[in-house]
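Chain letters run A, B, ... following the sequence lines, proteins first, then strands; residues in each count from 1.
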Amino acid sequence: MIKALRGMKDILPDENEKYIYFLENATKLAKNYGFEYIETPILEETALFKRSVGESSDIVGKEMYEFVDKGGNSVCLRPEGTAGVVRSFVEHKFDRILGVKRYFYYGPMFRYERPQKGRLREFHQFGVECFGEDNPYEDVNIILLLKDILDFFGINYTLKINSLGCQNCLPPFRELLVKHLYDIEDGLCDDCKRRIKTNPIRVFDCKNESCQTILKDAPRLGSALCKECDESFEFVKKKLDELGVEYEVDTNLVRGLDYYTKTAFEFVSGDLGAQNAVAGGGRYDRLVEFLDGKSTPGIGFAIGIERILDLIELPKKEMNGYYFGAMDEDAVSLIFRLGHICRKRAKTEISYQKKSLKAHLKAADKKAARYCVVVGENELKSNSVWVKDLVEKEEKLIKLEDFEKGSGL
RNA sequence: GUGGGUGUAGCUCAGUUGGUUAGAGCAUCGGAUUGUGGUUCCGAGGGCCGUGGGUUCGAGUCCCAUUACCCACCCCA
């Protein structure tokens with residue numbers, strides 16, 4: 001038996017209903033905020049992700065589905081959505097036009113990781129990106145949109161925010177931190193020793209207690225922010241306070257993608273297992289330049305769709321549409337014709353098998369149809385159809401010509 | 001990549017210190033006096049007990065290997 005690849009899942013009708021429910025409402029909210037739909041290819045040149053996400057990141061370093069295509073190009077399945085949108089933005093020269101552009105997207109992403117709860121190799125994200133707006137109001141705006149989406153679905157979460165600094169304050173801080181870490185290297189765990197080289201800021205959320213005690217005297221990013229970053233972070237916090245949006249400043253919050261600057265945020269949920277981030281995002285003011293565009297500020301977020309689906313409860317499904325059944329072999333062609341007419345009005349399912357009335361009612365119920373339409377010997381004789389409203393429990397005999405016109409129900 | 005756990009019916013799982021014909025619930029299909037659904041009652045179908053090897057008179061059960069899934073580390077949405 002051939003099975004789906006590791007970490008890849010079929011999205012079956014049950015799950016899909018939720019998926020569509022999520023997508024429809026998230027889309028609507030994003031549009032209300034002025035975002036427009038954009039779709040970019042799933043396959044992109046490898047260099048795109050090396051230059052945007054960053055070669056030092058785990059995503060590019062070891063998690064990409066990368067291969068050489070028949071033309072000899074190094075390509076990969078996108079591991080995240082932002083890079084492609086930025087590529088498109090630059091390629092179509094929108095960086096030359098002044099003004100603000102807002103996009104949203106959704107679709108599959110691929111990362112070659114060991115699967116676990118909330119982590120798949122093929123997963124789906126819904127994300128938004130805003131270009132050309134450096135006003136911290138937009139940081140607040142983006143957080144509000146994300147909050148609105150999560151609130152719409154009644155999800156419990158904690159909002160964590162942090163500032164990652166910019167090109168002026170982050171590099172000097174990083175240098176200072178690395179220097180300090182080398183001084184205390186002997187006391188650090190193996191993971192942290194590795195992190196000094198790969199991602200020094202990560203040491204702050206090491207779970208090892210001894211590391212935490214040693215790190216007490218280490219320099220902190222919060223106190224190293226430049227004036228501009230500090231002001232913008234303070235502004236975001238102030239606005240969130242004013243709006244009554246609860247948040248936690250988490251100085252350990254680090255985005256794993258190299259392009260993030262300044263405001264970073266994450267919505268976490270306690271009901272998700274170890275992979276507790278439902279959504280995350282932040283500002284990326286240098287990314288457009290990294291991809292050969294004219295310097296343009298950007299900010300966005302992405303929601304892990306599988307993760308949010310885990311937290312969403314679908315509203316109760318109502319009985320609707322028609323179910324057609326025949327109790328006589330000769331009635332099948334009639335109900336097939338009638339059913340076809342009904343499809344223009346509502347969901348309609350037709351059973352081609354002659355069955356007992358009871359069997360048809362049972363089937364109609366299972367299909368969650370509102371009306372069970374049955375034709376048997378009696379109805380054939382009287383040129384009518386028997387219809388039962390499964391919700392109101394009322395039944396009627398309707399003249400064929402009336403039923404065809406859509407009246408009588 | 002590193003740990004730990006689990007593979008028995010379509011699904012969720014029982015299955016004693018190894019013992020004869022492998023069990024339940026749910027789901028499916030059929031019936032409960034002639035054409036009335038969701039609840040109830042009765043019945044039926046459905047299993048290479050993940051795969052390969054070993055121990056044994058005898059293995060779903062014990063041992064080894066392998067593979068898949070799950071969870072965690074790591075990382076992230």
Could you go through residues 264-276 of chain A and list every donor-acceptor pair under 3.5 Å that involves a side-chain atom there, pairing it with any protein atom two or more places apart or in another chain?
from, atom 1, to, atom 2, distance (Å)
A/E266, OE2, A/R255, NH2, 2.2
A/S269, OG, A/D271, N, 3.1

Residues 346-353 of chain A, side-chain donor-acceptor partners within the protein, below 3.5 Å, at least two apart:
from, atom 1, to, atom 2, distance (Å)
A/K347, NZ, A/K367, O, 3.2
A/T348, OG1, A/A346, O, 3.0
A/E349, OE1, A/K367, NZ, 3.4
A/S351, OG, A/Q353, N, 3.4

Using distance only, find each side-chain donor-acceptor pair of residues 172-181 of chain A under 3.5 Å and give its atom names and separation, not counting sequence neighbours.
none

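Across the P atoms, B/rU28 and B/rG60 are found 32 Å apart, a figure rounded to whole Å. Taking atom C1' in both B/rA44 and B/rA9, the straight-line distance is 14 Å, to the nearest Å. When the P atom is compared between B/rA68 and B/rU51, the two are found 15 Å apart, to the nearest whole Å. Between B/rU17 and B/rG1, the distance separating the two P atoms is 38 Å to the nearest Å. The same atom, P, is picked in B/rA24 and in B/rU33; the two are 27 Å apart, to the nearest Å. The gap from the C1' atom of B/rU16 to that of B/rA59 amounts to 15 Å, rounded to the nearest Å.
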Can you name the atoms? Protein N/O to nucleotides 65-69 of chain B N/O, anything below 3.5 Å, with the distance.
from, atom 1, to, atom 2, distance (Å)
B/rC69, OP2, A/R6, NE, 2.8
B/rC69, OP2, A/R6, NH2, 2.9

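Toward the 5' end of RNA chain B, the nearer of the two residues A/A363 and A/H124, judged by each one's closest nucleotide, is A/A363.
Atom pair A/D10:CG and B/rG10:P shows a separation of 18 Å (rounding to whole Å applied). The NE2 atom of A/H360 sits 13 Å away from the P atom of B/rC29 (whole-angstrom rounding). A/K366 has its NZ atom 4 Å from the P atom of B/rU28, to the nearest Å. A/L150 places its CG atom 15 Å from the P atom of B/rA77, with the value rounded to the nearest Å. Distance, A/R121 CZ to B/rC70 P: 11 Å, rounded to whole Å.
Screening residues 269-296 of chain A for ring-ring contact (aromatic ring centres under 6.0 Å, His included) gives A/Y259-A/Y284 as the qualifying pairs, with residues at least two apart or on separate chains.
Distance from the side chain of A/M327 is smallest to B/rG35 among B/rA32, B/rC75, B/rG35.
Checking A/H360 against A/Y323 by side-chain atom types alone, a donor-acceptor pair falls below 3.5 Å. With 3.5 Å as the limit, one finds no donor-acceptor pair spanning the side chains of A/N320 and A/Y371. The closest side-chain donor-acceptor pair between A/T82 and A/E129 falls under 3.5 angstrom. Judged purely by distance below 3.5 Å, without hydrogens or angles, the side chains of A/E39 and A/Y37 pair a donor atom with an acceptor atom.
Scored by the side chain to side chain contact (heavy atoms under 4.5 Å, CB included) test, A/N252 finds A/F204, A/D205, A/R220, A/D250 as partners (sequence neighbours excluded). In this structure, the side chain to side chain contact (heavy atoms under 4.5 Å, CB included) partners of A/R51, at least two apart in sequence or on a different chain, are A/L291, A/D292.
Taking 3.5 Å as the limit, the base of B/rC74 and the side chain of A/R119 contain a donor-acceptor pair of atoms between them. Between the side chain of A/K388 and the base of B/rU36 there is at least one donor-acceptor pair of N/O atoms closer than 3.5 Å.
Remark: A/A302, A/G304, A/R307 in residues 302-309 of chain A come within less than 4.0 Å of RNA chain B through at least one heavy atom. Residues from residues 266-283 of chain A that place a heavy atom under 4.0 Å from any atom of RNA chain B, listed by number: A/G273, A/A274, A/Q275, A/A277, A/V278, A/A279, A/G280. Non-hydrogen atoms lying under 4.0 Å from RNA chain B are contributed by A/E379, A/W386, all within residues 379-387 of chain A.
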Could you spell out the base pairing of RNA chain B in dot-bracket, with Watson-Crick or G-U pairs whose two distances are under 3.5 Å, [ ] crossing and | to another strand? (((((((..((((.....[...)))).(((((.......))))).....(((((..]....))))))))))))....
Give the B/S/- string for nucleotides 40-51 of chain B, one per nucleotide from 5' to 3', where a protein heavy atom under 4.0 Å of the base yields B, of only the sugar-phosphate yields S, and otherwise -. ------------
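Close to B/rG37, at under 4.0 Å from its OP1 or OP2, lies no side-chain N or O of A/K355. Dashed line: the shortest gap from a side-chain N or O of A/Q116 to OP1 or OP2 of B/rC71 is not under 4.0 Å.
The number of heavy atoms from other shown groups lying within 6.0 Å of CD (A/E228) does not exceed 12.
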